[in-house]
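First the structure, in the form of structure tokens, and then the observations on it.
On a predicted model such as this, the values are computed, not experimentally measured, just so you know. The sequence lines fix the lettering, A, B, ..., with proteins before strands; numbering per chain opens at 1.
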Number of protein chains: 2
Amino acid sequence: MSLKVSDIGEKELIRYIIANSRSITPDDTAITKLNSTNLISTCDMLIQSRHFPENMSYFNMGFKAVTVNVSDLAAMGAEPLGFLLAIALPKDLKLDSFKEIIEGVLNACNYYQIPLIGGDTNEASEIIISGTALGITDKPLMKDTYNIGDLIAVTGDIGLAALGFELDSFDNIYIKQALKPEARIKEGLILRDFATSATDITDGLASELYEIKKDGFGFMIHEELLGISDEYKSLAEKFNLNYLDLVLHVGEDFELLFTISGDDLEKLPIDYKVIGEVTDSDVIELTLENGFVERIENKGYEHYVSE
Amino acid sequence: MSLKVSDIGEKELIRYIIANSRSITPDDTAITKLNSTNLISTCDMLIQSRHFPENMSYFNMGFKAVTVNVSDLAAMGAEPLGFLLAIALPKDLKLDSFKEIIEGVLNACNYYQIPLIGGDTNEASEIIISGTALGITDKPLMKDTYNIGDLIAVTGDIGLAALGFELDSFDNIYIKQALKPEARIKEGLILRDFATSATDITDGLASELYEIKKDGFGFMIHEELLGISDEYKSLAEKFNLNYLDLVLHVGEDFELLFTISGDDLEKLPIDYKVIGEVTDSDVIELTLENGFVERIENKGYEHYVSE
């Protein structure tokens, strides 16, 4: 009985690739020195059956394909340079649906000010969109260059999309975030001069904290600072879901998670929410609203558990 | 009855994207001015059921995914800068098979001296590999900047892979070319200083000639200069195939098709074969071995017809 890729999981497959390549920087994107600046490049592939909820419009599929890639540029504090689109379509897809996907892509490119510069079309059994985003920056914002005592902050509320995926008949902020998330490209550019580190939240806050953790450092997150609304908690309960699991372990937020000194935070000219601090505990913990402290588990997108 | 994408075909879908985007240069790759140089970027997606013959090894799948993208860099005369790999795998794929694909990718990256700088893994119903190749050049080699009187040449024999796809139980130069084609990256770099134009042959010589044709210009190709061997002709006949269709209308050659002045050709330090010349006829023609001249039809990969 030989091992299958599903026995290993995606993160391990990526680790295998990184271990065998001398040139991969394990940060949010690739960084390539180019004369006096740095070329930032990243690629992400979206598979219809995995990444597009049933009720997602063709327009929003195209929009999201750009968002997920531009979000990685934002996490590096990069200025957008160009976007390439490789798309595979089922042969019986309506031409109008294809045009809607492209409209979503072009709309997003315009919104993020990233020109669509290249592409490729193909045929497959479902819609598959692979995007590559290119950017430049003199000063790439890495994901693990924080200091003990730094504050941990996010650029917006998290957990909204996670709840949105569970609701299918309402039009509300949760559904909106699930169907049309946005990358924080402007915030990333500003954070370049203020933050000590940054990454984007795609697989859930918990997963990202484990991605950025270094030996000898720890993170303490405070539930009361997450600002989870009563409406959120009661909707979660209504659907028999654990609200903390939704907020921490699902993802698709595309908010930036960054660290910053207290002094620099005072001058930061973007919306943000402080949610915790960097410690020397060597563990990742959550102080609950009731005062108890518990370990945050390394559960991401694939391991969401409902109670 | 609404139109489906299969009614339109891939080239039309690409034309739709180009028509709606202000930033796409319709050449082999995207060209983005970057300080004093040009960033060259291209992406190509390979779908298992469409691009990988039954008898292709996992190693060669990985190798080809790099080749098809590096070939576009070669066509622009670009120096390789980096390669990004987005790959989707069926969940029951053996881990060893995944490792062989990666080995093929890394082997190709090493062969073409293009570092693997980033990637993404995913799950889909078949193997899908989307690669992005990045390069730089001060002087991009465009595909349609030829002059009347230029000679037309190729960097190697064409039609080999087309025949190889029809043969499944021999180990010969045709099978080799079908299963492990190589990009002409070194030749592309040299051609930068000699050729007036260049492109790579992926959908067949005929298809590429139509891609590069401008109003007021024509191409005359000479069958005797194509150098089709007797062995090739008899193998084609054995399988009831038209050898000229195989050579002109199938592709997967990855040789460079370039134009050059007679004077510059004398000094060109790479292997090449002159196959014709640029005229003012405004048509694309072939002079057969028997002296007759016929129009070359615009049939590419999807329209291969056997006699």
Among B:Ala86, B:Gly82, B:Gly118, single out the residue with the greatest number of heavy-atom pairs under 4.5 Å to chain A. B:Ala86
Please name the residue in the list A:Val68, A:Asp72, A:Asp27 that meets the side chain to side chain contact (heavy atoms under 4.5 Å, CB included) test with A:Thr42. A:Asp72
Region of B:Leu134 in contact with chain A, defined by heavy-atom distances below 4.5 Å: side chain
So what's closer than 4.5 Å to chain B heavy atoms on A:Leu13: side chain, backbone, both or neither? both
Applying salt bridge (Lys or Arg N to Asp or Glu O under 4.0 Å) to A:Arg192 and A:Asp138, what does each step give before you reach the verdict? CA-CA 10 Å; A:Arg192 231 181 353 187; A:Asp138 294 340; over 6 Å; no
Could you tell me the separation between the NE2 atom of A:His51 and the CD atom of B:Glu123, rounded to the nearest 0.5 Å? 10.0 Å
Among the options A:Leu39, A:Asp96, A:Asp92, pick out the one with the most heavy-atom pairs lying under 4.5 Å from chain B. A:Asp92
Counting heavy-atom pairs under 4.5 Å with chain A, the top scorer among B:Leu84, B:Asn20, B:Thr32 is B:Leu84
Does a sphere of radius 6.0 Å around CZ in A:Phe59 hold more than 12 heavy atoms from other residues, nucleotides or ligands, not counting ones at 6.0 Å or beyond? yes
If you count heavy-atom pairs under 4.5 Å with chain B, which of A:Leu34, A:Ile102, A:Asn122, A:Leu46 comes out on top? A:Asn122
In terms of heavy-atom proximity below 4.5 Å to chain A, should B:Ser130 be classed as side chain, backbone, both, or neither? both
Using salt bridge (Lys or Arg N to Asp or Glu O under 4.0 Å), reason through B:Asp193 and B:Lys139 one step at a time and then give a plain yes or no. CA-CA 9 Å; B:Asp193 296 317; B:Lys139 218 167 50 172; 3.1 Å; yes
Among A:Glu103, A:Lys99, A:Glu126, A:Arg22, single out the residue with the greatest number of heavy-atom pairs under 4.5 Å to chain B. A:Lys99
Contacting region of A:Ile128 [heavy-atom separation from chain B under 4.5 Å]: both
Okay, side chain of B:Asp120, backbone of A:Met45: is any donor-acceptor separation there less than 3.5 Å? yes
For chain A, find which of B:Ile47, B:Leu93, B:Thr37 contributes the most heavy-atom pairs closer than 4.5 angstrom. B:Leu93
Show your reasoning for whether salt bridge (Lys or Arg N to Asp or Glu O under 4.0 Å) applies to B:Lys64 and B:Glu252. CA-CA 10 Å; B:Lys64 186 176 179 182; B:Glu252 301 271 316; 2.5 Å; yes
Examine whether an atom of A:Asp44 lies under 4.5 Å from a heavy atom of chain B, and if so say whether it belongs to the side chain, the backbone or both; otherwise answer neither. both
Using distance alone, with no hydrogens and no angle criterion, decide if B:Thr199 and B:Asp28 have a side-chain donor and acceptor under 3.5 Å apart. yes
With only heavy atoms counted, which part of A:Leu116 is less than 4.5 Å from chain B, the side chain, the backbone, both or neither? both
